[in-house]
Amino acid sequence: MAKAGKSKIAGTRKVRKKKGGKRKKVLSNWSVITIAAVLLLLLIVLPVLKHRGGKYDGEPLPEISFSALGIDISHNNKGPIVWDSLYVLTDRQGHMHKSMEDARNVYPIKFVFIKASEGAGMKDPMFKQNWEAAGERNIQRGAYHFFRSSKDGELQARNFINTVGELRHIDLPPVLDIETIHLGCSRKLLNQRALQWLECVSKAYGRKAIVYSSESFIRDMLDKEITDNYPLWIAHYGVASPGSEQWDYWQFTDRACVFGVPEPVDLSLRR
């Protein structure tokens, strides 16, 4: 709206229209059309990408022999898991996706590791539900404990045992997930407490527990008393195979596209 002072001047002479006014209007119209076109394209393309496997979150399976594929989950995994339909689907290029129509190979998920506890007192709120669901579908299941180096090993072991309860003979061995060391904790104390957990849990269940960690953490932080005496589950991403040959399980990605799981998930293979 024009100001009052300028309206009087406009009445005494012919006011020329600015040449840029019409161009701005045209440009504005083109901007609206462009934005609308981009939105329409996204609405068309994104569902196609998702249907065709979502290469943006899919990865190729490693070209290495394995006996079974499995996932690991906790309360951090969002959305309902379709326990009756867990598969890894790959296309002609070996990339994982979620389209049965485009699948060249179909690999069933044969095992799942489920978070049970953490530290000396924390219990995963989804453990019981996930544990029972896997058991009802006859998926081989295992429970894991997230280790806190600041807490006593035996206290953490009791927390795990009280959370999991008894294991069936077909269940996988317990797992100690050891990835971090708290400020002020020495390497020696870390290994002492980890051994406490391993010995206590292995004795309680009559089978050796598995140790999960990254390849670098195993190499730099864990003593041979642990690595030479317990099965290893190594996490190492973006490589054709783990650098070490000393492993029973290999978690090769944390962004796997698995049919039956709504979001990207950790995926491991077993020798």
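Predicted model only: the values in this text are computed from it and were never measured.
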Query raised in the report: Distance-only, no hydrogens or angles: does the Q140 side chain make a donor-acceptor pair with backbone N or O of I170 under 3.5 Å?
Result: yes

Query - Backbone N/O of H145 and side chain of S117: donor-acceptor pair under 3.5 Å - result: no

Query raised in the report: Could you state the interatomic distance from OG1 (T227) to CD1 (I234), rounded to the nearest 0.5 Å?
Result: 10.0 Å

**Report entry** Residue pair V164 / P174, side-chain heavy-atom distance below 4.5 Å
**Finding:** no

**Report entry** Closest contact, heavy atoms only, K151 versus Q156
**Finding:** O-NE2, 3.1 Å

Query raised in the report: Closest heavy-atom contact between I178 and A194?
Result: CD1-CB, 3.9 Å

Report summary line: What one should report as the nearest heavy-atom pair of F147 and T180 is O-OG1, 4.4 Å

Query raised in the report: Taking a hydrophobic cluster as the set of Ile, Leu, Val, Met, Phe, Trp and Tyr residues connected by side-chain heavy atoms closer than 4.5 Å, whether directly or through intermediates, do L172 and W250 fall within one such cluster?
Result: no

Query raised in the report: For the hydrophobic clusters of this structure (ILVMFWY residues joined by side-chain heavy atoms under 4.5 Å, transitively), does one cluster hold both V82 and L69?
Result: no

Query raised in the report: G94 and T90: which non-hydrogen atoms are nearest, and at how many Å?
Result: O-CG2, 3.8 Å

**Report entry** Closest non-hydrogen atom pair, W83 against N130
**Finding:** CZ2-OD1, 3.8 Å

Query raised in the report: Counting only heavy atoms not in K123, do more than 12 fall under 6.0 Å of its NZ?
Result: yes

**Report entry** Pairwise side-chain contact, Q246 with D228, heavy-atom cut-off 4.5 Å (strictly under)
**Finding:** yes

**Report entry** Check: I71 and V261 side chains under 4.5 Å, non-hydrogen atoms
**Finding:** yes

Query raised in the report: Looking at OH of Y212 and CG of L232, how far apart are the two atoms once the value is rounded to the nearest 0.5 Å?
Result: 12.5 Å

Query raised in the report: Does some side-chain heavy atom of R137 sit less than 4.5 Å from a side-chain heavy atom of V112?
Result: no

Query raised in the report: With a 4.5 Å heavy-atom cut-off, do Y230 and L195 have their side chains touching?
Result: yes

Query raised in the report: Are side-chain heavy atoms of Y107 and L61 found at a separation under 4.5 Å?
Result: yes

Requested in this report: Of all the heavy-atom pairs spanning Y144 and F160, show the shortest one and how long it is.
Outcome: C-CE1, 3.8 Å

Query raised in the report: When you look at W247 and I218, which way does the side chain to side chain contact (heavy atoms under 4.5 Å, CB included) test go after all the steps?
Result: CA-CA 11 Å; W247 57 272; I218 291 171; over 6 Å; no

Query raised in the report: Would a hydrophobic clustering, with Ile, Leu, Val, Met, Phe, Trp and Tyr connected at side-chain separations under 4.5 Å, put V175 with F252?
Result: no

Query raised in the report: In terms of hydrophobic clusters joined by side-chain contacts under 4.5 Å, are I226 and L189 together?
Result: no

Query raised in the report: Would you find a donor on one side and an acceptor on the other, under 3.5 Å apart, between the side chain of N159 and the backbone of G119?
Result: yes

Query raised in the report: Checking S85 side chain against G260 main chain: does a donor-acceptor pair fall under 3.5 Å?
Result: no

Requested in this report: Could you please spell out the steps behind the side chain to side chain contact (heavy atoms under 4.5 Å, CB included) verdict for Y237 and Q251?
Outcome: CA-CA 7 Å; Y237 309 149; Q251 186 186 91; 2.4 Å; yes

Query raised in the report: Ring centres of Y249 and F113 under 6.0 Å apart?
Result: yes

**Report entry** Donor-acceptor under 3.5 Å (R255 side chain, P264 main chain)
**Finding:** no

Report task. Verify the cluster assignment for M122 and W131: are they in a single hydrophobic cluster under the rule of side-chain heavy atoms below 4.5 Å apart? Result -> no

Requested in this report: Return yes if a side-chain donor-acceptor contact under 3.5 Å exists between E225 and N191, otherwise no.
Outcome: no

Query raised in the report: Between the side chain of R270 and the main-chain N/O of A68, is any donor-acceptor distance below 3.5 Å?
Result: no

Query raised in the report: Between R271 and D248, is there a side-chain N and carboxylate O pair less than 4.0 Å apart?
Result: no

Query raised in the report: Using 4.0 Å as the upper bound for N to carboxylate O, is an ion pair formed by R187 and D223?
Result: yes

Requested in this report: Report yes or no: does H236 contribute a side-chain atom to a donor-acceptor pair with the main-chain N or O of E215 at less than 3.5 Å?
Outcome: no

Report summary line: Rounded to the nearest 0.5 Å, the CD1 atom of I161 sits from the CD atom of E154 at a distance of 10.0 Å

Report task. Would you mind checking if E199 and K203 are paired as a salt bridge, meaning a charged N to carboxylate O distance below 4.0 Å? Result -> no

Query - Short side-chain to backbone donor-acceptor contact, K115 and M126, under 3.5 Å - result: no

Report task. Taking the side chain as every heavy atom from C-beta outward, state whether L267 and M96 have any pair of such atoms under 4.5 Å apart. Result -> yes

Query - Interatomic spacing from CG in D177 to OG in S213 - rounded to 0.5 Å - result: 7.5 Å

Query raised in the report: CZ of R168: more than 12 outside heavy atoms within 6.0 angstrom?
Result: yes

Query raised in the report: Got a second to check how far R104's CZ is from L89's CG, nearest 0.5 Å?
Result: 14.0 Å

**Report entry** Beyond-backbone contact of L86 with I81, side-chain heavy atoms, under 4.5 angstrom
**Finding:** yes

**Report entry** Rounded distance (nearest 0.5 Å) linking atom CG of L190 with atom CZ of R148
**Finding:** 12.5 Å

